[in-house]
Protein chains: 2
Amino acid sequence: MTTQTGNDGRGGREDRAVRRSDGTRAAILAAARYRFAEHGYERTTIRAVAADAGIDPAMVMRYYGSKDRLFDAALAIDLRLPDLRDVPRADIPGRLVRHFLARWEGEPTDDALLLLLRCAVTNERAAERVRGLLTEQVAPALGAFADERRIGLLCSQLLGLALTRYLLRVPAVADLTADEVADLYTPAVSGLFGRDGG
Amino acid sequence: MTTQTGNDGRGGREDRAVRRSDGTRAAILAAARYRFAEHGYERTTIRAVAADAGIDPAMVMRYYGSKDRLFDAALAIDLRLPDLRDVPRADIPGRLVRHFLARWEGEPTDDALLLLLRCAVTNERAAERVRGLLTEQVAPALGAFADERRIGLLCSQLLGLALTRYLLRVPAVADLTADEVADLYTPAVSGLFGRDGG
DNA sequence: GTCTATAATTCGATAGAC
DNA sequence: GTCTATCGAATTATAGAC
């Protein structure tokens, strides 16, 4: 009952009733995230998402209203940046590189960053989300470490790494182990912040 | 170069007759490059390309056969890398950064690199072209300067810069002047090759 | 060489039966 | 809540008149 099409899900007392719809709702979202991450926004169809989720295409429309609103739901992303307040300045570049490598590689089921990068290049809404993540999550986490220009260029480096390694799959980059990438790329990130790391 | 529709271009004597068709042929290709660069592969339609070129959509099909073959023609790209053989090793990172900035910004009509980056993320054929450019043009130009792993990661840095500055338009990066970018990003590239630049 | 007309798909979205 | 049927729009590509 609760959770109708236009309702928020605040049913008050019917706690069990919502779970059923929330199950398919989550399945749809997971399938959408996979499709968007793997094939981009334009090539992702409602029909394919429904097939992956094992339900009827009409259900996708019922739960999310439109492809754009489904996409918006898929764009809700938390970078889960590490707490760097107690890390020595010189160690921060290495920590960042390894954190992002672990974020990309350690959780195969988490397509959030892949989705963001793949779609932001051809979809303005996704690009806006990337810019928002930078000001809402990256800048606050690194604001005490560097100025906004260097934070922006740091994102250039990290997104560029993800681009060549996971999307374009350039062999010279994709065939390296994560440790090799960390060892080679950390000095490059450090160079952005000066020899001392700040 | 004669170049009829299904012919190979070895026409022999009709030199003047072909020029007319080569004109519209070039107009189609220029319009296609602009559309692919600006909107990506999927959102680019034959109709829009034809409208930009001021001709009928059927002409695009006549000259290029299909959207894919038109795309292939648009992917013929020369990076025009500078000759670095006489450049001191320590100066190479700065030269590379400034060359790419000039390449992206100095020639507004040249959408080749923008096209490549925008389309490679969602189109495997374009991604394959990027990988080809790396082995055919970048690696030979830099092979004496660094190993293949660092060349790959250098491309990560340069493509990442283009991604945030020209495609995602992250303000912290896009609002900088080209000189600011060169000054800030060159040390980062140098860091990839060690303090001495090699 | 250029354009009209249209075939053949594909997709997002809607209406409504059960 | 779930599914069938379908509309309307957009697209690539083809056939053929002029």
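Just the heavy atoms: all of them, side chains too, but no hydrogens, waters or symmetry mates, feed the values below. By convention in this document, chain letters (A, B, ...) are assigned in the order of the sequence lines, proteins followed by strands, and residues within each chain are numbered from 1.
Between the side chain of B:Y185 and the backbone N or O of B:Q157, at least one donor-acceptor pair lies under 3.5 Å. Side chain of A:Q137 to main chain of A:L79: a donor-acceptor pair is present (N/O by atom type, distance under 3.5 Å, no hydrogens or angles).
Taking atom CG on A:L70 and atom P on C:dC11, their separation rounds to 15 Å, with Å as the unit. Here D:dG16 presents its P atom at 15 Å from CZ of B:R62, a figure rounded to the nearest Å. Rounding to whole angstrom units, CZ of residue B:F71 and P of D:dA13 are separated by 14 Å. Across the protein-nucleic acid pair, B:D68 atom CG and D:dA13 atom P stand 7 Å apart, rounded to whole Å. Rounded to whole Å, atom C1' of C:dA13 lies 18 Å from atom OH of A:Y63. Atom CZ of A:R43 is separated from atom C1' of D:dT11 by 14 Å (rounded to the nearest Å). We find that CE of B:M61 is positioned 15 Å from C1' of C:dT2, with the value rounded to whole Å. Atoms CD1 (B:I28) and C1' (C:dG1) sit 12 Å apart, rounded to a whole Å.
Using cut-offs of 30° and 60° on the angle between ring planes, the pair A:Y34 and A:H39 is perpendicular. Between A:F36 and A:F71, the angle of the ring planes goes over 60°, which puts this pair in the perpendicular group of the 30/60° scheme.
Of the candidate nucleotides D:dG1, C:dT2, D:dA13, C:dT2 has the atom nearest to the side chain of B:T24. The side chain of A:K67 lies closest to C:dG12 when the candidates are C:dG1, D:dA13, C:dG12. Distances from the side chain of A:D56 to the nucleotides C:dC3, D:dC3, D:dT2 place D:dC3 closest. Out of D:dT2, D:dT4, C:dG1, the shortest distance to the side chain of B:M59 is found at C:dG1.
With sequence neighbours excluded, the residues forming a side-chain contact (heavy atoms from CB on, under 4.5 Å) with A:S66 are A:D68, A:R69, listed by chain and number. Shown here are the side-chain contact (heavy atoms from CB on, under 4.5 Å) partners of B:V130, two or more places apart in sequence or in another chain: A:L168, B:L116, B:A120.
In summary, of the residues considered (A:R47, A:R33, A:R35), a salt bridge (Lys or Arg N to Asp or Glu O under 4.0 Å) with A:D52 occurs for A:R35 alone.
Across the interface with DNA chain C, nearest-nucleotide mapping of B:I55 and A:S66 shows B:I55 to be the residue nearer the 5′ end.
An OP1 or OP2 oxygen of D:dT11 is reached within less than 4.0 angstrom by no side-chain nitrogen or oxygen of B:Y41.
Within residues 44-54 of chain A, no residue approaches DNA chain D, by heavy-atom distance under 4.0 Å.
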